[in-house]
Colleague: 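Quick one: the structure is below, questions incoming.
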Amino acid sequence: MSLYPGRRVDNMIRNADARWSAFAPDSYIDINYRISGEADLEIVRLMRDHFSRSFAGTTARPARGVDVGAGPNLYPALAMLPWCEKITLLEYALPNIAYLERQTSGRGFEPVWDAFWDVLRKDAAYEDVEPRSRFGEVVQVERANLFDLDGWQRWGMGTMCFVAESMTECPAEFERGVRTFMNVLEAGAPFAAAFMKESEGYIVNGIRYPAFRVGAEGVREIMGEYVEELVVHDLQHTVREGHEGMLLALGRRKSSCS
Ligand SMILES: C[S@@+](CC[C@H](N)C(=O)[O-])C[C@H]1O[C@@H](n2cnc3c(N)ncnc32)[C@H](O)[C@@H]1O
């Protein structure tokens with residue numbers, strides 16, 4: 001049953017209604033990542049420390065990682081780089097897939113991502129990794145619809161940043177997005193999931209994209225069921241009007257959920 005039974009369900013923009021085929025990666029990067037904001041740098045620091053702690057200082061690369069709804073954001077994959085023999089970027093919008101494929105090509109990813117690597121490499125597990133060649137070696141891009149991933153429990157670590165709440169206004173689709181992410185992770189998998197807090201939606205290149213308004217309690221309520229040692233960081237920074245900060249959930253996937 002939905003956790004949000006009282007919400008209006010009419011006139012909502014659902015995931016399938018939004019113009020994902022017109023998503024403009026360069027504009028999205030300009031708005032969110034071209035100048036690396038304090039919130040994203042803090043998210044990268046927190047992810048780095050969480051993954052480093054979870055793998056207890058080893059740099060063996062046994063894990064297969066996934067970033068769900070990767071969009072044109074490389075920092076989640078960069079944060080998983082020392083720990084993975086393979087990282088899959090799952091994405092639905094074709095312009096974002098084209099962007100990601102260019103970043104994995106022989107020329108290496110574009111310099112905008114260096115500011116995030118500079119934060120990561122302050123941890124010993126990252127400092128000897130050559131990010132461009134390793135990224136090209138281990139990262140692969142796949143087109144997927146999040147809603148088709150039910151039952152794909154196959155990844156040993158994972159990230160999902162600004163996806164479940166930033167792809168729909170519909171509470172049931174938000175909830176399903178979070179549950180699906182938790183269910184693609186194997187027992188014990190460390191993960192990081194970021195959410196725009198109380199977002200009213202966002203505009204990329206003149207096109208409006210939907211969002212579901214969620215706060216820290218809403219995230220805890222759904223994720224608590226799946227997660228050991230769940231921590232939800234409530235970051236106060238905003239990157240634009242129309243949201244109240246960012247949330248970062250960190251933990252490990254439980255072995256069973258009752
Ligand atoms: C706000 S962007 C977030 C992108 C990126 N993860 C980031 O951290 O900036 C939302 C992303 O969700 C993707 N998306 C929307 N609907 C999806 C679906 N049904 N399955 C998978 N990805 C989807 C969009 O294409 C877009 O890349």
Side-chain angles (χ1 to χ4, degrees), residues 12-37 39-44 46-47 65-80 87-101 103 109 112-113 115-116 139 141-150 152 158-170 172-181 183-184 191-197 199-205 207-214 235 237 239-240 242-243 246-249:
M12 281 183 309
I13 303 176
R14 287 167 194 277
N15 181 252
D17 301 328
R19 294 179 56 198
W20 302 113
S21 62
F23 200 93
D26 291 319
S27 306
Y28 181 78
I29 290 171
D30 286 346
I31 298 164
N32 293 287
Y33 302 123
R34 184 79 54 203
I35 297 167
S36 36
D40 290 289
L41 295 174
E42 179 66 6
I43 286 174
V44 170
L46 290 164
M47 274 186 185
V66 66
D67 183 31
V68 175
N73 181 5
L74 303 200
Y75 74 58
L78 292 173
M80 291 190 276
I87 298 173
T88 305
L89 306 184
L90 295 180
E91 171 55 37
Y92 181 69
L94 291 172
N96 290 341
I97 290 172
Y99 175 83
L100 292 170
E101 281 174 345
Q103 306 312 303
F109 56 77
V112 65
W113 304 107
F116 301 100
V139 172
V141 184
E142 257 182 59
R143 186 166 196 223
N145 185 330
L146 172 71
F147 296 121
D148 295 335
L149 299 181
D150 283 341
W152 283 32
T159 51
M160 180 175 72
C161 293
F162 315 115
V163 177
E165 84 301 352
S166 293
M167 60 163 188
T168 183
E169 289 179 351
C170 171
E173 287 189 333
F174 162 73
E175 192 177 329
R176 187 166 162 209
V178 177
R179 291 186 188 281
T180 301
F181 173 61
N183 281 326
V184 301
F191 73 85
F195 304 87
M196 283 301 203
K197 183 179 173 186
S199 173
E200 295 168 359
Y202 55 105
I203 293 174
V204 183
N205 205 25
I207 298 175
R208 184 159 193 87
Y209 290 92
F212 172 70
R213 295 190 65 130
V214 69
L235 307 170
H237 316 267
V239 287
R240 52 172 167 77
H243 77 112
M246 298 184 191
L247 303 167
L248 179 68

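These numbers come from the heavy atoms of this one structure, side chains and all, not from hydrogens, waters or symmetry mates. Remember, it's 1-based here, ligands and their atoms both numbered in the order they're listed. Here, residue 1 is the first one in the sequence, and each next residue gets the next number.
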Colleague: Can you check which of F162, Y75, Y209 brings a heavy atom nearest to atom 10 (C) of ligand 1?
Modeller: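 The nearest heavy atom belongs to F162.
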
Colleague: Within the 4.0 Å heavy-atom shell around A93, which atoms of ligand 1 are there?
Modeller: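 Close to A93: 25 (O).
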
Colleague: Say whether, by atom type as modelled, one donor and one acceptor occur between the side chain of N183 and the main chain of R179 under 3.5 angstrom.
Modeller: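 Side chain of N183 to backbone of R179: a pair is present.
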
Colleague: Taking G37's backbone N and O only, do any of them form a donor-acceptor pair with D40's side chain (distance below 3.5 Å, no angle check)?
Modeller: no

Colleague: Please report whether ligand 1 has a polar contact with P72, defined as an N or O pair separated by less than 3.5 Å (distance criterion only).
Modeller: no

Colleague: Between A144 and ligand 1, which residue portion shows a heavy-atom distance shorter than 4.0 Å: side chain, backbone, both, or neither?
Modeller: backbone

Colleague: Numbering the atoms of ligand 1 from 1, which are under 4.0 Å from a heavy atom of V163?
Modeller: 6 (N), 12 (O)

Colleague: Could you check whether any side-chain N or O of R176 sits under 3.5 Å from a backbone N or O of F147, counting only pairs where one atom can act as donor and the other as acceptor?
Modeller: yes

Colleague: Quick one: which ligand 1 atoms are inside 4.0 Å of a heavy atom on Y92?
Modeller: 17 (C), 18 (C), 20 (N), 21 (C), 22 (N), 23 (C)

Colleague: Looking at ligand 1, does any of its N/O atoms fall within less than 3.5 Å of an N/O of Y202?
Modeller: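 There is no such contact.
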
Colleague: More than 12 heavy atoms of other residues, nucleotides or ligands under 6.0 Å from CZ of R143: yes or no?
Modeller: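 Check passes, neighbour count above 12.
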
Colleague: Identify, by atom number and element, the atoms of ligand 1 in contact range of C161, meaning under 4.0 Å from any of its heavy atoms.
Modeller: 3 (C), 5 (C), 6 (N), 7 (C), 8 (O)

Colleague: Pairs of nitrogen or oxygen atoms closer than 3.5 Å, one from N73 and one from ligand 1: do any exist?
Modeller: yes

Colleague: Using a 6.0 Å cut-off, check whether atom CD1 of I207 has over 12 heavy atoms from anything other than its own residue.
Modeller: yes

Colleague: Short list, please: which atoms of ligand 1 are under 4.0 Å from a heavy atom of S166?
Modeller: 1 (C)

Colleague: More than 12 non-hydrogen atoms from neighbouring residues, nucleotides or ligands closer than 6.0 Å to OH on Y202, yes or no?
Modeller: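 Enclosed.
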
Colleague: In ligand 1, which numbered atoms sit nearer than 4.0 Å to a non-hydrogen atom of N96?
Modeller: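 The list of qualifying atoms is 25 (O), 26 (C), 27 (O).
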
Colleague: What protein heavy atom sits nearest atom 11 (C) of ligand 1, and how far off is it?
Modeller: G69 O, 3.9 Å

Colleague: If we ignore hydrogens and angles and just use 3.5 Å, is the side chain of E200 paired with the main-chain N or O of G242 as donor and acceptor?
Modeller: no

Colleague: Ignoring hydrogens, just give me the one of E91, E173, R143 whose non-hydrogen atom is nearest atom 25 (O) of ligand 1.
Modeller: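 Minimum heavy-atom distance to atom 25 (O) of ligand 1 goes to E91.
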
Colleague: Excluding sequence neighbours, so at least two apart, what forms side-chain contact (heavy atoms from CB on, under 4.5 Å) with A93?
Modeller: W20, F23, E91, P95, N96

Colleague: Kindly indicate, with the supporting measurements, whether the criterion side chain to side chain contact (heavy atoms under 4.5 Å, CB included) is fulfilled by I43 and Y75.
Modeller: CA-CA 10 Å; I43 286 174; Y75 74 58; 3.9 Å; yes

Colleague: Is the backbone N or O of N15 less than 3.5 Å from a side-chain atom of E173, with the two atoms forming a donor-acceptor pair by type?
Modeller: yes

Colleague: Below 4.0 angstrom from a heavy atom of N145, which ligand 1 atoms are there? Numbered from 1 as shown, please.
Modeller: 18 (C), 19 (N), 20 (N)

Colleague: For atom 16 (N) of ligand 1, what's the nearest protein heavy atom and its distance?
Modeller: N15 ND2, 2.9 Å

Colleague: For the backbone of Y28 and the side chain of Y33, can you confirm whether one donor and one acceptor N or O come within less than 3.5 Å of each other?
Modeller: no

Colleague: Judged by non-hydrogen atoms, does A194 sit under 4.0 Å from ligand 1?
Modeller: no

Colleague: So, is L146 polar-close to ligand 1, with some N/O to N/O distance under 3.5 Å?
Modeller: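 Indeed, backbone or side chain, L146 has an N or O that close.
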
Colleague: Dump the intermediate steps for side chain to side chain contact (heavy atoms under 4.5 Å, CB included) on L78 and F109, then the final yes or no.
Modeller: CA-CA 11 Å; L78 292 173; F109 56 77; 3.8 Å; yes

Colleague: A70 versus ligand 1: do any nitrogen or oxygen atoms come within less than 3.5 Å of each other?
Modeller: yes

Colleague: What atoms in ligand 1 come closer than 4.0 Å to a heavy atom of G71?
Modeller: 4 (C), 27 (O)

